[in-house]
Structure formats: C-alpha cells, structure tokens
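Not measured: the values here are computed from a predicted model. Quick note: numbers below take in every heavy atom, side chains included, and nothing from hydrogens, waters or symmetry partners.
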Amino acid sequence: MSTPLILGCFWVLAATCVAMLPMRFQFIPGFALLIAAPILIGWIGMEHGWTYAAIGAFAFVSMFRRPLAYYLRKAIGRDSQERTPQ
C-alpha cells in the first residue's frame, strides 16, 4: 500500500477518535484534520488518479459538512447565526 493511502487510513482513525471526544475538545484537532484533508486528498489523487481523489473528497465533505458550511458562510460574510427556512 502506498504512503498516501496509509496516511489516509491514519487520518480516518484520527477523525474517528476526535469524533468521540466531547464537543469542547473537538475544535483544535478537528481543525487540524480539516486543514490536512485537502493536502492528503491531493496527494492521493496525484499517486492514484482522480477517481480515488473524488472518492476521498466526497467522504471528506460528508464528514465535515457542518464545519465547511460554517466556514463558507463566514467567508462570504453571512452571519453564522442566520438559518435558512427548511
């Protein structure tokens, strides 16, 4: 197995461990995982092709959908407390 795939497995295990922490302890390690994921997905894509990178990106967005939505709202200037009607 290649180095990026092994590191990807460790990333998944780390994300699972962080998810088990109480919410107040999740921010710093979760933010580190959030920053590391695109780099790791890009490396996997360079080594194994875009298909594996797309699968990794889909899994990443699925796991981090709420933090990504929060940072997207913050980046475009919307108040983070605003909610759209569902």
Side-chain angles (χ1 to χ4, degrees):
M1 191 182 294
S2 69
T3 304
L5 290 181
I6 291 170
L7 291 176
C9 291
F10 283 129
W11 186 94
V12 168
L13 292 173
T16 302
C17 291
V18 169
M20 288 188 238
L21 293 172
M23 205 57 186
R24 65 180 179 263
F25 298 127
Q26 288 183 1
F27 182 77
I28 293 173
F31 192 72
L33 289 169
L34 187 70
I35 297 299
I39 296 165
L40 187 57
I41 291 169
W43 190 11
I44 290 171
M46 287 184 349
E47 291 284 325
H48 297 284
W50 68 270
T51 306
Y52 292 101
I55 292 168
F58 178 75
F60 168 69
V61 170
S62 174
M63 287 176 65
F64 282 86
R65 64 186 174 272
R66 290 186 186 260
L68 289 172
Y70 169 78
Y71 287 120
L72 179 66
R73 282 193 308 267
K74 196 170 189 171
I76 62 174
R78 285 187 55 199
D79 187 346
S80 63
Q81 298 300 320
E82 287 182 26
R83 296 286 180 167
T84 55
Q86 295 178 357

(message) Less than 4.5 Å apart, side chain to side chain, heavy atoms only: is that true for W43 and L7?
(response) yes
(request) Decide whether F58 and L72 are clustered together by the hydrophobic rule: side chain heavy atoms of Ile, Leu, Val, Met, Phe, Trp, Tyr closer than 4.5 Å, transitively. (result) no
Do any side-chain atoms of residues 12-23 form donor-acceptor pairs under 3.5 angstrom with protein atoms, and if so which ones, sequence neighbours left out?
residue: T16; atom: OG1; partner: V12; partner atom: O; Å: 2.9

(request) Quick one: list whatever passes ring-ring contact (aromatic ring centres under 6.0 Å, His included) with W11, sequence neighbours left out. (result) F64
(request) Kindly compute the distance separating OG1 (T3) from CD (E47), expressed to the nearest 0.5 Å. (result) 7.5 Å
For residues 30-39, please give each side-chain donor-acceptor pair under 3.5 Å, one per line with the distance, not counting sequence neighbours.
none

(message) Looking at every non-hydrogen atom in both residues, tell me the closest pair between P4 and I44 and how far apart they are.
(response) CB-CG1, 3.7 Å
(message) Looking at every heavy atom in both I41 and A53, which two are closest together, and how far apart are they?
(response) CG2-O, 3.5 Å
(request) Could you state whether F10 and L40 fall into the same hydrophobic cluster, counting links through intermediate Ile, Leu, Val, Met, Phe, Trp or Tyr residues with side-chain heavy atoms under 4.5 angstrom apart? (result) yes
(message) With clusters defined by side-chain heavy atoms of hydrophobic residues (ILVMFWY) lying less than 4.5 Å apart, directly or transitively, does L68 cluster with Y71?
(response) yes
